[in-house]
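Everything below concerns the one structure shown next.
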Amino acid sequence: LVYCLLNIHLLIPSIEVMGLHSIPRYSNDVYLLANITDFAQFSLLDGNAYVYLENMYQGECEIKPNQVLDTLSISVGRDKDIAINRQEVKDLTSKKIIGSTIKVQKCFEITVKNNKNNPIDVEILDQYPLPKYTDIKVELTDKGGAQVDTETGKLTWKIHLNAQQKQTLRFSYEVKYPNSYNFNVE
């Protein structure tokens with residue numbers, strides 16, 4: 001059960017735990033998110049909230065109730081019992097010049113380990129690059145089991161890990177562009 005203390009003494013017990021989320025491209029942390037359903041009944045104002053999980057202070061979050069959604073999502077804090085790491089796979093990453101074209105192949109591995117004594121479900125997000133110019137071609141060569149949003153390049157994995165279980169995810173893509181461009185592919 002997650003409680004959120006707002007504006008000094010407003011206790012909201014109707015929060016449902018939404019799940020564990022991570023974006024290992026930016027952080028090696030996994031975050032617990034929670035939903036406040038039907039939050040309009042509380043007449044919330046913009047401001048900071050003190051977040052408690054299992055009667056332990058987790059920190060503060062910013063509340064922005066002026067939205068069109070029916071549910072307000074807030075970050076409850078990091079879950080230190082879940083380890084996550086994202087690394088480039090050097091053996092499957094290359095850069096070649098073929099005539100007037102540069103071809104870059106990238107491969108990444110995401111390793112997730114559940115150090116808890118109970119099973120978890122976690123959502124992991126990553127992204128592959130999308131070209132801004134028509135003479136740059138990008139191909140997702142291995143989605144690694146992720147759900148793919150081709151409009152944004154977003155990759156989403158929803159995985160279940162048993163207690164003490166580790167899982168490795170891998171994805172790769174290829175970028176071709178004229179050698180007249182000077183940029184790094186990440």
Side-chain angles (χ1 to χ4, degrees), residues 2 17-35 51 53 58-59 61-62 73-186:
V2 177
V17 173
M18 188 166 113
L20 297 163
H21 295 268
S22 180
I23 306 175
R25 177 179 183 163
Y26 299 114
S27 171
N28 285 340
D29 291 315
V30 175
Y31 295 90
L32 180 63
L33 293 181
N35 283 336
V51 180
L53 178 62
Q58 299 295 311
C61 71
E62 189 174 1
S73 294
I74 59 170
S75 175
V76 178
R78 294 184 189 120
D79 193 327
K80 296 291 187 184
D81 290 330
I82 303 167
I84 191 161
N85 186 36
R86 179 185 192 260
Q87 287 188 306
E88 188 174 331
V89 180
K90 298 291 184 190
D91 295 345
L92 299 174
T93 298
S94 65
K95 183 175 182 178
K96 299 176 184 173
I97 299 174
I98 305 167
S100 63
T101 302
I102 296 177
K103 178 179 163 181
V104 177
Q105 293 177 313
K106 292 279 190 172
C107 181
F108 293 95
E109 243 180 28
I110 300 169
T111 305
V112 187
K113 180 153 192 298
N114 177 11
N115 293 313
K116 293 177 174 288
N117 292 325
N118 54 321
I120 61 164
D121 293 309
V122 62
E123 181 177 76
I124 300 165
L125 305 173
D126 212 305
Q127 187 177 19
Y128 68 96
L130 294 177
K132 291 183 181 178
Y133 305 106
T134 57
D135 53 351
I136 299 174
K137 306 294 180 207
V138 177
E139 179 187 355
L140 181 63
T141 55
D142 181 6
K143 66 180 186 170
Q147 295 174 340
V148 180
D149 183 341
T150 56
E151 296 291 317
T152 62
K154 183 172 138 181
L155 303 169
T156 306
W157 291 268
K158 294 180 180 181
I159 63 171
H160 177 82
L161 292 173
N162 290 321
Q164 305 301 317
Q165 183 182 359
K166 181 166 85 169
Q167 184 171 344
T168 300
L169 311 168
R170 183 182 277 190
F171 71 98
S172 56
Y173 55 87
E174 180 179 279
V175 180
K176 294 179 185 175
Y177 59 94
N179 64 5
S180 58
Y181 289 135
N182 187 18
F183 62 86
N184 289 326
V185 176
E186 185 174 309

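All of these numbers come straight from a predicted model, not from anything done at the bench.
Within a 6.0 Å radius of NZ in Lys113, more than 12 heavy atoms belonging to other residues, nucleotides or ligands are found. More than 12 heavy atoms of other residues, nucleotides or ligands lie within 6.0 Å of CD in Glu88, so this atom counts as buried by the packing criterion. Crowding of Lys116 atom NZ: a count of heavy atoms from other residues, nucleotides or ligands under 6.0 Å exceeding 12. Residue-environment remark: CD (Glu186) stays at or below the threshold of 12 foreign heavy atoms within 6.0 Å. Within 6.0 Å of atom OH in Tyr181, more than 12 heavy atoms from other residues, nucleotides or ligands are found, so the atom counts as buried in its surroundings.
In this structure the side chain of Glu109 never reaches within 4.5 angstrom of the side chain of Arg86, judged on heavy atoms. Proximity of Leu125 to Ser22: side-chain heavy atoms (C-beta onward) are nowhere separated by under 4.5 Å. With a 4.5 Å cut-off on side-chain heavy atoms, Asp126 and Tyr128 do not count as touching. When side chains are defined from C-beta on, Leu155 does not count as touching Gln147, because their heavy atoms never get closer than 4.5 Å. With contacts defined as side-chain heavy-atom distances shorter than 4.5 Å, the pair Ile120/Leu20 qualifies. Proximity of Val122 to Val30: side-chain heavy atoms (C-beta onward) are separated by under 4.5 Å at one or more points. Contact of the Asn85 side chain with the Pro24 side chain is not registered, since no non-hydrogen atoms from C-beta on lie closer than 4.5 Å.
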- Message: Would Ile82 and Asn115 count as a side-chain contact (heavy atoms from CB on, under 4.5 Å) here? Give the steps.
- Response: CA-CA 6 Å; Ile82 303 167; Asn115 293 313; over 6 Å; no
- Could you check Gln167 against Thr111 for side-chain contact (heavy atoms from CB on, under 4.5 Å), going step by step and ending with a plain yes or no? CA-CA 6 Å; Gln167 184 171 344; Thr111 305; over 6 Å; no
- Message: Evaluate Thr168 against Ile110 for side-chain contact (heavy atoms from CB on, under 4.5 Å), listing each step before the verdict.
- Response: CA-CA 6 Å; Thr168 300; Ile110 300 169; over 6 Å; no
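With sequence neighbours excluded, no residue forms a side chain to side chain donor-acceptor pair (under 3.5 Å) with Lys137.
Between the CD1 atom in Ile84 and the CG atom in Asp29 there is a gap of 9.5 Å [rounded to 0.5 Å]. Taking CG of Asp135 as the start and OG of Ser180 as the end, the distance is 7.0 Å to the nearest 0.5 Å. Here the CG-CD1 distance, from Asp121 to Ile159, works out to 9.0 Å after rounding to the nearest 0.5 Å. In this structure, the separation between CG on Leu140 and CG on Leu130 is 10.0 Å, given to the nearest 0.5 Å. A distance of 5.0 Å separates CD1 of Ile124 from CG of Leu169, quoted to the nearest 0.5 Å.
Listed by first then second residue, pairs satisfying ring-ring contact (aromatic ring centres under 6.0 Å, His included) with a partner in residues 80-117 read Phe108-Phe171, not counting sequence neighbours.
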Determine all donor-acceptor pairs shorter than 3.5 Å in which one atom belongs to a side chain in residues 90-100; sequence neighbours excluded.
{"from": "Thr93", "atom 1": "OG1", "to": "Val89", "atom 2": "O", "distance (Å)": "2.8"}
{"from": "Thr93", "atom 1": "OG1", "to": "Cys107", "atom 2": "N", "distance (Å)": "3.4"}
{"from": "Ser94", "atom 1": "OG", "to": "Gln105", "atom 2": "OE1", "distance (Å)": "3.1"}

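Remark: the backbone N or O of Glu139 is not paired with any side-chain donor or acceptor of Glu174 at under 3.5 angstrom. Side-chain atoms of Lys106 come within 3.5 Å of backbone atoms of Val185 as a donor-acceptor pair (strictly under, hydrogens ignored). Trp157 places a side-chain N or O within 3.5 Å of a backbone atom of Gly144 that can act as its donor or acceptor partner. Checking side-chain atoms of Asn162 against main-chain N and O of Pro119 turns up no donor-acceptor pair under 3.5 Å.
Looking at Asp142 and Tyr173, their side chains never bring a donor and an acceptor atom within 3.5 Å of each other.
Of all the heavy atoms in Gln165 and His160, the pair that sits closest is OE1-O, 4.1 Å.
Ring centers of Phe183 and Tyr177: under 6.0 Å apart, within the cut-off.
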